[in-house]
Amino acid sequence: MILLPPLIVTWNKKRSPMLESPITPRSRDFAAWYQDVVLQGDMAEPAEIVKGCMVIKPNGYAVWELLQREFDGRFKATGHQNVYFPLLIPQSFLHKEAEHVAGFSPELAVVTIAGGKELEEPYVIRPTSETIIGHFFSRWIQSWRDLPMLVNQWANVMRWELRTRMFLRTTEFLWQEGHTAHATHQEAIEEVLRILDIYAEVAEEVMAMPVIKGVKTQAEKFAGALRSYSIEAMMQNGLALQAGTSHDLGQNFGKAFNVQFQSKEGQLDYVWQTSWGASTRLIGGLIMSHSDDKGLVLPPKLAPVKAVLVPIYRKDHEKGQVLEAAHRIAKDVGAKVDDREEQTPGAKFFHWERLGVPVVLELGPRDLASNNIVLKRRDTAVKEVLPQAELAARLQAALAQMQNDLYGVAKQRLKSNTVVANSIEEVESLLKEVTAEKGGGRFVMAHMKDDPACDARMKEFKATVRCMPLTDEFDGPGKCIITGEPVDRRVVIAKAY
RNA sequence: CGGGGCGUAGCGCAGCCUGGUAGCGCACCUGCCUUGGGCGCAGGGGGUCGGGAGUUCAAAUCUCCCCGCCCCGACCA
């Protein structure tokens, strides 16, 4: 295990013992820091008895539920309906689309025995549901009147990964997968981009996590898609995280599963399909975007508890007055009162700090006498003394400001860690510059042809082409740094999770 | 799947080299005392030492096998 340095408690030496921080500093070991924050923030823990899986704890699941609500509302507002398909998929289904099976075969878990008997045809535990949904789409769709078909499912999926990290990559994970069918390619493309916008909006406005929207290279696209789009975020160590993907499946699955419709003109044609997904990985991205050495930092919009009030008192008569006021004030502003008697205020401050609660309020005898209250933001650690009468407004303002500030800080980090390269040598040196000491990364923008041979060269730097941005300040034509051929824009090259 | 680390009380660890009564801190229980950033004191409960086999009078400790977890690399939301 990692040895932890003592956290020296300087504010009250005569009363406080030397304490050990339960969290490894980010700067020392980012991976250990991340794991500590997940554990100390009570978000999840390794399932231990089930390889590669995790238990999402109440605090973590509450964040997922808030995220779900944000996505689900937007999906429904754009005409999608929720459905649920089986966890088990006949193995043969996977084989109907050549690229699809090639891409997913290595990571499938297969059920071969059920009810004590060997199955005639094994089932795979879904790694994603394009195939089984294709099968049902072919039964549900006959006419142009049945289109567009817009469905979404909230589900678990399983991919047998060799290397797992909580939230970022586990064998089983939760996600939503949207599946749609359209009469024309144009409509399908519009759908893919509409969803990509929703992903970006939730990431930026709800998670306070800036992203780059882009197109995946052919080498990096979803197995079975014509084109894949993604949003890419940058973590605090400069590594990239794919935070949501939206795929233009063309007619590949339509043909594989015979999903045909009769057009207004009476002609038979295959549907144009899309699929798109965002997973619990987003929570990993959330943690790696905002949290610090003291623990979790949650943006107000995704904090299950937005404010906690810690009452402070000495004597019995103070206790009664403080608690009465604490409950009254907390009720007014929607804060939770931590009135546990067996914990001292100091212990409570540390507790809520680790859990990432955006605002902690302090109320003690001094405040009662002056009609004030103390408000402290999790991200800045700044304490403000303000009149109780102004609390409701000031709390809302503080939460809104914190939401904005978190985004601003992350946006600035993305900007300042994004650099331009005009040759492959420059890509290499720019990537190596940050890898050595920091164990980190950055985004390098370079002109590159969308050709698997070019993607492959990035392996030398342990990097990948994250995406070809749809729009950003690095747009503009140039020559591919590998082939010299003219290309119309720069791509994002980075090390990634 | 390769390399490394680790499995001893709920958690974090010491003990192992050199075999001989299973320990420490936190947490937990009881009481008193404290409360504006991890209070203190006193008393107390809690263990198939990851599993199996072997060596030995005797194994947490030595040998072999197995299992699991974490980290680092090749594949990936």
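It should be emphasised that the depicted structure is a prediction, and the values quoted were computed from it without experimental measurement.
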Students often get this wrong, so: under 4.0 angstrom with heavy atoms, is [X] touching a base, only sugar-phosphate, or nothing?
X         : result
Leu241(A) : nothing
Pro46(A)  : sugar-phosphate
Gly277(A) : nothing
Lys462(A) : sugar-phosphate
Gln242(A) : sugar-phosphate
Lys383(A) : base

Margin query: Please check this pair: side chain of Arg126(A) against backbone of Leu88(A), looking for a donor-acceptor N/O pair closer than 3.5 Å.
Written below: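 The answer is no, because no donor-acceptor pair under 3.5 Å joins these two groups.
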
Check: Between Asp42(A) (side chain) and Lys57(A) (backbone), is there a donor-acceptor pair under 3.5 Å?
Finding: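 No: the side chain of Asp42(A) does not pair with the backbone of Lys57(A).
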
Margin query: Quick check, does Phe173(A) stack with A77(B)? I mean ring centres under 5.5 Å and planes off by under 30°.
Written below: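 Check passed, Phe173(A) stacks on base of A77(B).
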
Item checked: Any strand: nucleotide that pairs with G7(B) via Watson-Crick or wobble, under 3.5 Å ->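 By the stated definition (distances under 3.5 Å), C67(B) pairs with G7(B).
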
Item checked: Residue whose nearest RNA chain B nucleotide is more 5′ - Ala47(A) or Val374(A) ->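 Its nearest nucleotide lies further toward 5', so the answer is Val374(A).
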
Margin query: Given C75(B), G36(B), U35(B), identify the nucleotide with an atom nearest to the side chain of Glu161(A).
Written below: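 Per side-chain heavy atoms of Glu161(A), the pick is C75(B).
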
Notebook entry, point to check: Counting side-chain heavy atoms from CB outward, which of G36(B), A77(B), U35(B) is closest to Asp367(A)?
Noted result: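 Selected nucleotide (nearest to the side chain): G36(B).
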
Note to self: Quick check on G36(B): is either OP1 or OP2 less than 4.0 Å from any side-chain nitrogen or oxygen of Arg366(A)?
What the structure shows: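 Answer no for this pair, as no side-chain N or O of Arg366(A) is under 4.0 Å from OP1 or OP2.
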
Notebook entry, point to check: OP1, OP2 of C75(B) versus side-chain N and O of Lys459(A): anything below 4.0 Å?
Noted result: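 Lys459(A) to C75(B) OP1/OP2: side-chain N or O found under 4.0 Å.
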
Margin query: Could you check whether Asp72(A) pairs with Lys76(A) (Lys NZ or Arg NE/NH1/NH2 to Asp/Glu carboxylate O, under 4.0 Å)?
Written below: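 Answer for the salt bridge query: yes.
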
Note to self: Can you tell whether the side chains of Glu384(A) and Arg394(A) come within less than 4.0 Å, N to carboxylate O?
What the structure shows: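 The answer is yes: the pair qualifies as a salt bridge.
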
